[in-house]
Novice: 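Input: one structure, supplied below.
We name chains A, B, ... by the order of the sequence lines, and we start the count at 1 in each one.
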Amino acid sequence: MLYFTLASKAYARNLQYRGAHMVHNIASAMFGFMYACIWIGLGADHALGEYGTQGMVAYIAFTQSALWVTSFITNGLGIPQTVRTGHISLDLMRPVHLFPHLMAREWGQIAYQFIYKSIPIYLVYYFVFSIQLPGTLTSYLYVAIALIGAAYLSICMNYLIGASALWTTESSWLYWGNHAMINLLAGFFIPIEWLPSWLQTIAWLSPYPYLLYVPTRLYLGFGDASYLWGTLFWCVLLTLICLTATLLLRRKVEVQGG
Amino acid sequence: MTMRSWISLYALLIRTSIRSRMQYKFNFLLGTLLAALIQISEFLMVAIVLYKFGAIQGWSMHEIGYLFAVMTLSKTIYRMFADEVHHLEKYLVNGELDQLLTRPMPVLLALLPQKFRLMPGEILQGGFLLWWSLDGMMADGQISWVAVPYTLLIIGTGAVILFSIGLATATCGFWMTRITVLQNLTEDAARSAAQYPLTLYPKWMISLLLFAIPVGLVNYVPALYILRGELGGWILPLLAVAALFCLLLSVRFWQYGITKYQSTGS
């Protein structure tokens with residue numbers, strides 16, 4: 001119940017800014033539009049594999065919308081800020097574990113972003129580019145599971161980025177570094193099978209493809225449900241790493257000034 | 001004060017900014033390393049498209065590398081000297097601009113050296129890519145050594161244009177306070193768009209990127225002349241004039257905007 005309250009409060013707080021967020025959606029939609037234009041331009045001269053031009057436009061539309069669920073979440077789950085203000089010591093004193101506490105708050109944020117960012121952005125592309133929707137209910141079910149798993153992976157990654165703030169003041173660089181990896185290895189702009197083989201190997205050894213590529217493939221009807229085992233594996237592994245990181249950071253925490 | 005004393009004061013403030021940053025060497029190294037990683041992954045995205053499809057709308061791998069490198073280097077010069085213009089929102093939201101207003105110097109001159117950002121990752125990556133593209137095109141006989149001074153010139157004019165766009169966007173903050181979203185459009189999205197040949201985009205978007213948010217003047221238009229011999233030699237002086245015009249316009253806008261500043265106080 002506590003965790004649900006934390007999530008719903010985070011959702012409600014965001015609701016106050018939905019006007020400003022709608023403006024933000026325009027910027028985000030413009031980015032996707034630009035990427036789609038690049039693929040349309042390329043599609044005029046080249047065959048775009050199994051996707052075709054329309055398929056690549058649908059691919060970009062989905063990844064650009066899914067970014068708000070699996071990538072653009074709170075930088076380091078807000079830990080860097082609490083380290084700077086010293087609030088982290090209070091958070092660690094609470095009778096709840098830091099990881100599920102911050103995670104619950106982030107789920108509220110993600111739910112909000114899904115409804116007020118991902119869906120409106122996707123709707124714009126749906127009408128502008130006349131995108132086809134998946135035909136079967138099972139596709140939607142698989143995509144939903146893949147997206148929830150991807151959001152969870154993203155929470156874990158940001159928790160670890162946030163935890164690094166106890167060791168360095170430059171953790172925001174890790175956040176942006178993580179974004180750069182998402183752009184490249186998660187199949188945000190280019191499907192992973194088009195990467196050079198060495199980069200494909202690196203990508204599949206990391207959790208990144210499960211953030212965007214796997215949900216997108218499932219959505220476009222190219223992938224099968226066995227991908228989801230990979231999502232599950234990374235969810236378990238990253239959970240263990242996050243719990244270990246919490247143990248380490250408890251010993252590292254320093255209260256600076258007052 | 002004379003121009004010379006302004007410059008020496010500016011240099012002193014920059015040295016102070018660098019020295020304060022060097023107090024945290026590990027952080028500096030980590031930041032530099034990750035910035036380079038981000039730069040490389042950004043270029044890899046473009047490079048992979050080229051690797052897969054060979055050319056984009058008739059532009060070869062070297063030509064696209066050139067577009068990317070010029071944009072990176074121009075942006076690096078702009079952000080090294082004027083990173084705080086890009087981060088003006090922080091000053092507006094926290095009311096920190098008040099402190100700068102009390103200084104006996106123009107606000108912009110006080111703001112710029114607040115944080116001189118060393119960007120070795122970007123310079124190395126952009127420089128290497130530029131060298132690789134120019135070398136490749138010279139080996140093919142597509143361009144001669146004259147392209148080198150021309151390129152240095154357009155990196156400079158490009159930095160001025162990007163600074164002007166950044167300053168004009170930041171100035172909107174005097175009315176809007178929050179400017180990150182606007183910067184997303186005018187700086188990030190526009191710059192990313194110009195990393196590819198503009199002919200990829202619909203006509204209205206090309207006009208937008210040439211006249212409203214003129215990022216196309218940073219790399220695409222000069223590349224048409226320097227790499228492909230299109231347009232004519234007149235384009236380079238015209239670009240310099242255009243850059244100065246953008247600068248003048250944005251500084252005038254800034255001077256007007258600052259009269260509308262209202263402190264948030266606390």
Novice: Do you know which of B:Leu33, B:Leu185, B:Ile40, B:Leu182 has the most heavy-atom pairs under 4.5 Å to chain A?
Specialist: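 Option with the top pair count is B:Leu185.
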Novice: Using a cut-off of under 4.5 Å on heavy-atom pairs, state which of B:Thr199, B:Ile56, B:Val49, B:Thr180 scores highest against chain A.
Specialist: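 Counting heavy-atom pairs under 4.5 Å, the top option is B:Val49.
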Novice: Measure distances from B:Glu42 to the heavy atoms of chain A and classify the residue's part below 4.5 Å as side chain, backbone, both or neither.
Specialist: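 Nothing of B:Glu42, per the 4.5 Å heavy-atom cut-off to chain A.
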Novice: Other residues, nucleotides and ligands only: do more than 12 of their heavy atoms fall within 6.0 Å of CD on A:Gln81?
Specialist: no
Novice: What part of A:Met34 is in contact with chain B, defined as an atom under 4.5 angstrom from a non-hydrogen atom: side chain, backbone, both or neither?
Specialist: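 For A:Met34, the contact with chain B is made by backbone and side chain together.
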Novice: Relative to chain B, which segment of A:Leu174 carries a heavy atom at a distance below 4.5 Å: side chain, backbone, both, or neither?
Specialist: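 Both backbone and side chain of A:Leu174 come within 4.5 Å of chain B.
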Novice: With a 4.5 angstrom heavy-atom cut-off, could you sort out which part of A:Leu42 is near chain B: side chain, backbone, both or neither?
Specialist: both
Novice: May I ask you to check whether B:Thr169 and B:Thr186 show a side-chain donor-acceptor distance below 3.5 Å?
Specialist: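 A pair is found: one side chain offers a donor N or O, the other an acceptor, under 3.5 Å apart.
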Novice: Is it the case that over 12 heavy atoms from other parts of the model lie below 6.0 angstrom from the CD atom of A:Glu50?
Specialist: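 Buried by this count: over 12 neighbours within 6.0 Å.
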Novice: What do you reckon, are the aromatic ring centroids of A:His24 and A:Trp68 less than 6.0 Å apart?
Specialist: yes
Novice: State whether a side-chain donor-acceptor pair under 3.5 Å links B:Glu187 with B:Tyr78.
Specialist: yes
Novice: Around B:Phe53, counting heavy atoms of other residues, nucleotides and ligands shown, do more than 12 lie under 6.0 Å from its CZ?
Specialist: yes
Novice: Examine whether an atom of B:Ala55 lies under 4.5 Å from a heavy atom of chain A, and if so say whether it belongs to the side chain, the backbone or both; otherwise answer neither.
Specialist: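 Only the backbone of B:Ala55 comes within 4.5 Å of chain A.
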Novice: Non-hydrogen atoms of chain B under 4.5 Å away: do they reach the side chain of A:Asp45, the backbone, both or neither?
Specialist: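 Contact with chain B: side chain only.
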Novice: Counting only heavy atoms not in A:Glu193 (residues, nucleotides, ligands), do more than 12 fall under 6.0 Å from its CD?
Specialist: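 Yes, the 6.0 Å shell around CD holds more than 12 heavy atoms from other groups.
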Novice: For A:Ala47, is it the side chain, the backbone, both, or neither that has a heavy atom closer than 4.5 Å to a heavy atom of chain B?
Specialist: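 When you check distances to chain B, only backbone atoms of A:Ala47 fall under 4.5 Å.
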Novice: Counting only heavy atoms closer than 4.5 Å, note whether B:Tyr51 contacts chain A via side chain, backbone, both or neither.
Specialist: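 For B:Tyr51, the side chain is the part near chain A, not the backbone.
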